[in-house]
S.K.: 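Take this structure first; my questions come after.
Predicted, not measured: the structure shown is a model, and the values here were computed from it. In what follows, chains carry the letters A, B, and so on, assigned in the order in which the sequence lines appear, proteins first and then strands, with residues in each chain numbered from 1.
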Amino acid sequence: MTEAAAPNGEETAAKLTLRGVSKTFRGANGAVTALAAVDLEVAEGEFVCLLGASGCGKSTLLALVAGLERPDEGEILAHGQPVTGPGRDRMVMFQEHALFPWRTVLGNVLFGLELKPGLPRKSRIEVARYYLELVGLTKFAHAAVHELSGGMKQRVALARALAPNPQVLLMDEPFAALDAMTRERLYGDLQEICRKRKKTVLFVTHNVREACVLGDRVVVMTPRPGRIHGEFRVDLPRPRDINGIGIATLATRITATLRAEEPQEPAR
Amino acid sequence: MTKRVLDFAVFVLLLLAAWEALVRAELWNTVLLPAPSTVLAYLSGALLDGTLLDAAAVTARRLGVGYLAGMLAGLPLGLLCSRFQSARDTIGVLALGLQTLPSVCWAPLALLWFGQTEAAMTFVVVMGTTWSILLATADGVRAIPPLWLRAARTMGSRRLHTVLHVLLPGALPAIVSGLKQGWAFAWRSLMAAEIFITILTGFGLGQLLHYGRELHAMDQVLGVMTVIVAIGLLAEQILFGPVERWLRRRFGMTA
């Protein structure tokens with residue numbers, strides 16, 4: 001999808017707009033309200049972290065923006081246009097790498113590019129190789145997926161998501177399953193890549209420090225039903241160090257807010 | 001690899017030597033079981049006068065046609081069963097039932113419907129092949145992680161593209177084992193069919209074996225059996241060996 005001429009109106013400023021979005025899942029154990037009347041705006045080029053405990057609806061929110069689910073109420077706009085389904089302008093990275101084992105590393109990065117119309121084979125391979133280099137995996141282009149470490153798999157998934165050049169990157173706890181050292185290196189890489197490629201990012205996490213390191217803004221969500229509780233602007237210079245004092249101070253403040261919000265256990 | 005081939009060759013030679021020795025020592029009645037040298041003599045004779053190659057060619061053609069037809073029916077039907085519950089409850093259950101039926105049971109009906117023709121032969125092979133391929137495809141596609149489908153959707157994959165580029169390759173390990181099983185069934189079905197159904201358009205390995213029985217030429221029966229085993233082994237190595245090695249490399253399976 002090319003960037004359509006922006007329709008008249010105030011929507012042009014925000015890359016992503018959610019207005020009064022609600023979503024309820026009906027299961028065997030009755031209905032669960034995953035999201036209740038959520039409003040959110042993400043500016044062009046902004047890195048927003050959605051932070052919350054499991055069950056606060058943050059992943060649901062991401063799936064809605066991705067177009068993988070439809071909201072029951074409210075509207076979602078991407079670049080001023082209503083979201084009606086998945087689109088190449090919004091690529092998703094999942095907690096599990098979701099790579100295709102029958103394809104090589106390069107073949108995986110090519111998958112989205114093959115679906116982009118008007119791209120000859122040669123340029124597809126060029127683009128894929130560019131993104132493999134960006135994530136530092138040039139040497140593994142022809143490796144099988146199962147030969148890679150967990151961190152490398154997520155790098156390939158990142159390259160695959162970046163390759164069709166989406167304006168928006170949606171990331172659903174992409175580093176949660178990695179060990180701490182790999183994760184910290186990827187924080188640096190991701191910040192560097194976003195600076196280079198100017199992406200608008202919506203990043204879901206339950207890790208307070210991770211949110212502080214990566215986000216321009218941290219949006220805190222609370223569960224039952226999933227709502228936006230508040231937000232923190234992160235005015236720290238980049239690249240940020242997860243062990244820096246600034247991050248620690250902010251993380252402590254955010255954690256304190258989350259604690260205050262926890263329902264009090266009734267005394268027995 | 002060479003060591004493994006060597007191991008097998010030595011094993012077979014020892015087996016044959018022991019068998020030959022038992023016959024030569026007259027501990028064994030040659031009417032019941034001729035010596036390997038007798039079988040070898042038959043084989044070289046039949047090979048030289050062309051009987052064996054002609055029969056093998058006829059059998060291979062029938063097998064190829066029947067197997068291909070079974071595959072062309074089994075794959076799409078399996079795909080259908082994987083996507084729709086109603087297809088599973090109908091075609092799926094039928095396939096499960098028919099898979100348990102040895103396909104040579106179709107021989108009387110095949111003869112009635114198609115007469116003594118190649119079509120009757122092909123029909124029996126198709127009935128032996130289709131069901132296991134269908135069932136393996138259906139199960140394999142259903143076992144694909146939903147996350148792969150979500151990821152493919154976000155990258156713009158739809159309908160036919162998803163089928164060709166996610167569902168089929170994703171189910172490939174299961175499909176290949178289904179194809180292998182289908183191959184084994186096809187081979188068995190054809191041998192049974194050739195022994196049961198006499199037709200004039202071609203004289204296959206099964207028929208050669210059948211006439212060996214009629215003439216009480218056990219060297220011929222054993223010779224043809226040897227050829228059947230050899231073809232089966234070769235096909236396994238040539239057709240499925242490379243695919244399975246590729247699967248192991250890509251999917252990282254130890255199976």
S.K.: Which bit of B:R153 comes within less than 4.5 Å of chain A, counting heavy atoms only: side chain, backbone, both or neither?
M.R.: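 Answer is both: backbone and side chain atoms of B:R153 are under 4.5 Å from chain A.
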S.K.: Contact part of A:L113 toward chain B, heavy-atom cut-off under 4.5 Å: side chain, backbone, both or neither?
M.R.: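 No part of it gets close to chain B.
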S.K.: Closest approach of B:A152 and B:V166, non-hydrogen atoms and distance?
M.R.: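 It is CB-CG2, 3.7 Å.
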S.K.: Pick one of side chain, backbone, both or neither for B:H165, based on which atoms fall under 4.5 Å of a heavy atom in chain A.
M.R.: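 Both parts, backbone and side chain.
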S.K.: Short question: side chain of A:T200, backbone of A:G45 - any donor-acceptor pair under 3.5 Å?
M.R.: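 Yes; at least one donor-acceptor contact below 3.5 Å.
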S.K.: Centroid-to-centroid, B:W246 to A:W102, below 6.0 Å?
M.R.: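 Centroid separation for B:W246 and A:W102: 6.0 Å or greater.
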S.K.: Pick one of side chain, backbone, both or neither for A:E69, based on which atoms fall under 4.5 Å of a heavy atom in chain B.
M.R.: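 Just the side chain, heavy atoms under 4.5 Å.
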S.K.: For chain A, find which of B:R158, B:R249, B:R150 contributes the most heavy-atom pairs closer than 4.5 angstrom.
M.R.: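 Most heavy-atom pairs within the cutoff with chain A belong to B:R150.
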S.K.: In terms of heavy-atom pairs under 4.5 Å, which option from B:L172, B:L247, B:T154 contacts chain A the most?
M.R.: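 It is B:T154.
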S.K.: Might you point out which heavy atoms bring B:S132 and B:Q181 nearest each other, and give the distance in Å?
M.R.: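 It is CB-OE1, 3.7 Å.
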S.K.: To the nearest 0.5 Å, how far apart are CE in A:M171 and CZ in A:F47?
M.R.: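 CZ of A:F47 is found 6.0 Å from CE of A:M171.
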